[in-house]
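This report concerns only the one structure given below.
Note on naming: letters A, B, ... go to the chains in the order of the sequence lines (proteins, then strands), and numbering restarts at 1 for each one. This one's a predicted model, so the numbers in the text were calculated from it and none came from an experiment.
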Amino acid sequence: MRLSQYFLPLLRENPAEAQIVSHRLMLRAGMIRQSSAGIYSWLPLGLRVLAKVEQIVREEQDRSGAQEILMPTIQPADLWRESGRYDDYGAEMLRIRDRHERDMLYGPTNEEVVTAIVRDAVRSYRDLPKNLYHIQWKFRDEVRPRFGVMRGREFLMKDAYSFDIDQAGAKHSYNKMMVAYLRTFARMGLKAIPMRADTGPIGGDLSHEFQILADTGESEVYCDKAWLDADVLAADVDYDSDLEPFYREWTSRYAATDEMHDAATCPVPATELVTARGIEVGHIFYFGAKYSKPMGALASLADGSTVPLEMGSYGIGVSRLVGALIEANHDDSGIIWPEAVAPFRVGLVNLRAGDAKCVAAADDAYSKLRAAGAEVLYEDRDDSPGAKFATMDLLGLPWQLIVGPRGVAAGTLEVKNRRSGERQNLPAEAALNRLIA
RNA sequence: CGGGGCGUGGCGCAGUCUGGUAGCGCACCUGCUUUGGGAGCAGGAUGUCGGAGGUUCAAAUCCUCUCGCCCCGACCA
């Protein structure tokens with residue numbers, strides 16, 4: 001993509017309303033614009049990242065055996081009256097009335113809708129287990145939205161719902177999601193740690209929240225130092241095998257949020273304990289028959305008797321993750337995207353837009369990189385070199401390929417790694433090969 | 001929802017106390033010069049001062065009401 005043609009409204013100064021770094025950088029880098037409090041439009045650059053995050057989430061859900069569906073944002077109030085949550089949920093739920101005076105709502109979550117679907121379709125233990133997920137916009141009318149997309153009112157969330165015939169099956173479904181979540185966050189270059197959590201308003205008796213570590217995280221977390229070296233992608237997990245050993249391994253190390261941590265009883269010695277800031281990006285729950293029972297989602301067993309389905313639900317804050325990724329990956333100059341979620345892999349910079357030789361060299365690099373399938377943002381505008389460098393650092397693409405008069409004269413291009421800051425002058429061919437690899 | 005703050009050109013702000021022709025920096029447009037870390041000079045365009053009502057000869061400025069946004073707290077993917 002040529003920057004001269006791209007819709008990328010950059011801000012040189014920090015907008016007054018943005019306090020935390022990810023919010024500031026997302027606005028400055030032209031990723032989002034606020035529409036109203038806690039509600040944002042996603043501009044081309046931001047949408048690319050959102051789509052990449054979403055796709056990683058999708059791939060890992062699919063890999064675990066979950067199946068994608070798409071449920072509505074607007075839901076009928078009657079379903080929520082069945083579960084009893086219509087009155088329980090409070091002002092956070094955005095209530096709407098349609099032209100026929102029917103009570104509707106903008107869904108803050110989808111337990112009721114999915115349970116109704118499954119209740120009408122599933123009759124027998126033979127139809128189970130099932131795990132259905134969707135990636136859909138939700139709305140929670142937060143009293144005080146803040147932190148940009150990290151705590152908006154409208155947000156994109158992946159939520160999965162598992163249905164099993166018994167508790168053992170439900171635990172296996174839970175374990176699958178535990179594994180899928182660990183893999184999902186690891187693929188984005190994040191260190192995500194499952195922590196035993198309160199089950200809150202969703203209820204149930206088994207729950208973990210996934211906290212990623214970032215200096216600017218909103219809550220304090222404590223964990224065993226061993227977490228920092230853990231590599232969840234090392235193991236190639238067979239989702240059909242017994243996942244209990246895996247579950248035990250990943251929940252045995254100490255990890256606790258502020259509320260759950262007590263220095264006096266902490267089993268990890270102080271020298272082995274890491275204190276850090278965390279951002280919650282996922283939450284998994286097992287809650288048994290909390291919804292299936294009142295809503296009548298039942299299945300027959302082999303002996304002819306009928307039982308309510310055993311359920312769990314599993315959320316990942318997809319839009320929040322974009323903010324969280326920046327909180328975990330930035331410096332004073334701007335964003336530093338992990339490769340897996342970078343909006344473009346390479347920022348190609350022509351330092352002299354008016355110079356025929358530089359233009360020819362940059363155009364050539366652009367077409368070769370694209371032909372090789374690399375995602376390239378091509379800075380082809382006429383601007384001062386300093387401004388171009390500052391823009392590239394702000395955008396945070398993993399690699400910068402710099403074409404300038406000095407290099408062109410010598411037949412070299414400069415490759416810069418955004419994260420390390422390392423620069424290298426290489427013959428043009430070698431530079432391109434480095435970025436294509 | 002309790003407490004606090006802010007709405008002035010695209011962005012950041014001054015001007016409000018003490019009423020008197022709406023300003024600055026950046027960005028933007030034109031031209032020339034420049035070109036390896038946010039260039040220089042010259043010229044130019046851009047405002048219902050959040051909105052409504054009131055006081056006054058006169059309101060960005062004073063009064064009343066209202067809308068929006070932000071921060072701290074309580075609450076949450």
Please give the distance between the [atom1] atoms of [N] and [M] as a whole number of Å.
N     : M     : atom1 : result
B:G12 : B:U66 : P     : 27 Å
B:G44 : B:A59 : C1'   : 31 Å
B:G47 : B:G15 : C1'   : 14 Å
B:C11 : B:U46 : C1'   : 14 Å
B:U35 : B:C71 : P     : 44 Å
B:C6  : B:A39 : C1'   : 35 Å
B:G54 : B:C70 : P     : 32 Å
B:C63 : B:U18 : P     : 10 Å

Which base, if any, makes a Watson-Crick or G-U wobble pair with [N], both distances under 3.5 Å?
N     : answer
B:C24 : B:G12
B:G31 : B:C41
B:C62 : B:G54

Electrostatic pair A:E218-A:R146, nearest N-O below 4.0 angstrom | no
Carboxylate-amine/guanidinium contact A:R418 A:D331, below 4.0 Å = yes
Between A:W42 and A:W137, what is the ring plane arrangement, given parallel below 30°, perpendicular above 60°, and tilted in between?
-> tilted
Output the rounded distance in Å from [atom1] ([X]) to [atom2] ([N]).
X      : N     : atom1 : atom2 : result
A:L27  : B:C69 : CG    : P     : 15 Å
A:R381 : B:A39 : CZ    : P     : 13 Å
A:R24  : B:C11 : CZ    : P     : 18 Å
A:N14  : B:G12 : CG    : P     : 9 Å
A:E142 : B:C69 : CD    : P     : 15 Å
A:D141 : B:A77 : CG    : P     : 16 Å
A:H283 : B:C75 : NE2   : C1'   : 15 Å
A:Y181 : B:A77 : OH    : P     : 12 Å

Categorize [X] for me: base, sugar-phosphate, or nothing, with a 4.0 angstrom heavy-atom threshold over every strand shown.
X      : value
A:T391 : base
A:E17  : sugar-phosphate
A:R28  : base
A:G152 : base
A:K416 : base

Do A:E13 and B:G25 have a side chain to base donor-acceptor pair shorter than 3.5 Å?
-> yes
Given that A:F155 and A:Q400 both sit by RNA chain B, which one's nearest nucleotide is further toward the 5' end?
-> A:Q400
So which one's nearest nucleotide on RNA chain B is more toward 5', A:R151 or A:S333?
-> A:S333
Candidate nucleotides [options], ranked by approach to the side chain of [X] - the nearest:
X      : options             : result
A:E92  : B:C76, B:C11, B:C70 : B:C76
A:V143 : B:C26, B:A74, B:A77 : B:A74
A:R140 : B:G73, B:G12, B:C76 : B:C76
A:S36  : B:A77, B:G38, B:C69 : B:C69
A:R144 : B:C72, B:A27, B:G12 : B:C72
A:A37  : B:C70, B:C71, B:G38 : B:C70
A:Q19  : B:A77, B:C70, B:C13 : B:C70

In Å and rounded to the nearest 0.5 Å, what is the CG to CG distance from A:D159 to A:N110?
-> 5.0 Å
Among A:E82, A:R85, A:E111, which one satisfies side chain to side chain donor-acceptor pair (under 3.5 Å) with A:Y291?
-> A:R85
Geometric cation-pi criterion, A:K290 with A:F285: 6.0 Å, 45° = no
Among A:R2, A:R370, A:K368, the one residue meeting salt bridge (charged side-chain N to carboxylate O under 4.0 Å, His left out) with A:D363 = A:R2
Shortest non-hydrogen contact between A:E112 and A:S83, atoms and distance | OE2-OG, 2.5 Å
Can you name the closest pair of heavy atoms from A:L182 and A:P194 and give their distance?
-> CD2-CD, 3.9 Å
Considering just the side-chain nitrogens and oxygens of A:R320, establish if one lies under 4.0 Å of OP1 or OP2 belonging to B:A77.
-> no
Pairs under 3.5 Å (N/O, protein and nucleotides 28-36 of chain B):
{"residue": "B:U35", "atom": "O2'", "partner": "A:R352", "partner atom": "NE", "Å": "2.4"}
{"residue": "B:U35", "atom": "O2'", "partner": "A:R352", "partner atom": "NH2", "Å": "3.0"}
{"residue": "B:G36", "atom": "O2'", "partner": "A:R406", "partner atom": "NH1", "Å": "3.1"}
{"residue": "B:G36", "atom": "N1", "partner": "A:E414", "partner atom": "OE1", "Å": "3.2"}
{"residue": "B:G36", "atom": "N2", "partner": "A:E414", "partner atom": "OE1", "Å": "2.2"}
{"residue": "B:G36", "atom": "N2", "partner": "A:E414", "partner atom": "OE2", "Å": "3.0"}

Residues, nucleotides or ligands: over 12 heavy atoms within 6.0 Å of A:D88 CG = yes
